[in-house]
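Report on the structure given below.
For clarity, every value in this text was computed on a predicted model and none was experimentally measured. Both ligands and their constituent atoms are indexed starting at 1 by order of listing. Side-chain atoms are counted along with the backbone in the values below, which use heavy atoms only and exclude waters and symmetry mates.
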Amino acid sequence: MRVIGLETSCDETGVAFYDTERGLLAHALYSQVSLHEDYGGVVPELASRDHVRKTLPLLKQVLSEAGLNRADIDGVAYTAGPGLIGALLVGAAIGRSLAWALGVPAVGVHHMEGHLLAPMLEKNPPAFPFVALLVSGGHTQLMRVDGVGRYTLLGDTLDDAAGEAFDKTAKLLGLGYPGGPALARLAERGDPARFHFPRPMTNRPGLEFSFSGLKTFALTTWQASAGDEQARADIARAFEDAVVDTLAIKCRRALEQTGLVRLVVAGGVSANVGLRTRLQEEAARAGATVYYPRLEFCTDNGAMIAYAGAQRLRAGQAEPLAFTAWPRWPLTELTPLPA
Ligand code: KG4
Ligand code: ZN
């Protein structure tokens, strides 16, 4: 079964073509970074309009790269939430219309299910069950994953998501949008011994996270400093180390608590090199294996949506013509697929 995946939940337009027999056939991504840069963050209405402009050209590109045409599409998957409602509706409307015109089924995919299943596109995919650490701009969650749609929430953030904390801290340090990758780059030049930031919620039991205090800690440290370049880099390093350490401690705890030996790390923050290295070491010590998507599939992309949608369409899931999108949507409410 060959499935087109459309991702339009935020500031990237992603399109991919996935074949359940042959794997990923082609994928394309358009980032809106230059569009939102001047505003210091994503402007929802501009994002929606740009998805309108880019989705069909990317679809054509992907079909031509795969050496196939529209008649070869057996199903359509689009991100139905969570995300920016206008942006989501663009993908949903295009996806539904395409499926209707071709007479094929369509399915709305949960954006975080896409992230969570992205490592399945790699050569050595993890087997179920596993623990998943989902770290993106909107989510920081630990999940027990027993199959597609079989998710048990183990821990969540009480305030900011990890990516959001990266973005907000980057902003207060005067780094532009998108902040996470900029802060990570700056942290490479920082002295890890100069400042020590707390590891929130690690000295009590449980798998909950809280990152908003780290941002305040960064602000007060920045204000007390001379405001020079080295202080900026040292604070970036201390902040990154604190987030990475906190995530690693909770991952180790989740593996111990569940007795599972596989850890999947996905979502935009899983592109962070410090986090990848640290979790690799942590997992090795615990006798566990860690699985990541390739770097380009850590952040938003169409391939993960095509993959997740293909699993659901292949299992017979498809929805009626009327469509909707959900700006908020708990992952634990999805339909479980038979094992
Ligand atoms: O998954 P994603 O592309 O979009 C959402 O679903 O939110 O994640 C974006 C988030 C942003 O907060 C961004 O700052 C963060 O991932 N991010 C990073 C890195 N690359 C992206 N954070 C830290 N280090 C990175 N290298
Ligand atoms: Zn995402």
By ring-ring contact (aromatic ring centres under 6.0 Å, His included), F197 pairs with (sequence neighbours left out) F217

May I ask you to check if ligand 1 and G180 share an N or O to N or O distance below 3.5 Å? yes

Check the pair R285, E281 against salt bridge (charged side-chain N to carboxylate O under 4.0 Å, His left out), reporting the backbone distance first and the verdict last. CA-CA 6 Å; R285 258 202 300 276; E281 292 163 5; 5.2 Å; no

Just jot down the ring-ring contact (aromatic ring centres under 6.0 Å, His included) partners of W222, sequence neighbours excluded, or say none. none

So the atoms of ligand 1 within less than 4.0 Å of a heavy atom of D167 turn out to be 11 (C), 12 (O), 13 (C), 14 (O)

Return the orientation label for the F166 and F239 ring planes: parallel under 30°, perpendicular over 60°, tilted otherwise. perpendicular

Do the rings of W329 and W326 sit parallel, tilted or perpendicular, given the 30° and 60° boundaries? tilted

Looking only at distance, does D300 have an N or O less than 3.5 Å from an N or O of ligand 1? yes

Gap separating the NE2 atom of H51 from the OG atom of S9, nearest 0.5 angstrom: 7.0 Å

Under a 4.0 angstrom heavy-atom cut-off, which atoms of ligand 1 come close to T299? 3 (O)

With heavy-atom distances below 4.0 Å as the criterion, list the atoms of ligand 1 near G138. 7 (O)

Distance under 4.0 Å to a non-hydrogen atom of H111: what atoms of ligand 1 satisfy this? 6 (O)

Does an N or O anywhere in G268 fall below 3.5 Å from an N or O of ligand 1? yes

Does some non-hydrogen atom of P181 fall short of 4.0 Å from ligand 1? yes

Relative to the heavy atoms of G163, which atoms of ligand 1 are at a distance of less than 4.0 Å? 12 (O)

So, using side-chain contact (heavy atoms from CB on, under 4.5 Å) as the criterion, who are the partners of E21 when residues are at least two apart? D19

If every non-hydrogen atom of T13 is compared with every non-hydrogen atom of L58, which pair is closest and at what distance? O-CD1, 3.4 Å

Run through the protein N/O/S atoms less than 2.8 Å from the Zn ion (ligand 2) and write them out by chain and number. H111 NE2, H115 NE2, D300 OD1

Hey, does R185 sit under 4.0 Å from ligand 1 if you only count heavy atoms? no

Determine whether the aromatic ring centres of residues F297 and H27 are separated by less than 6.0 angstrom. yes

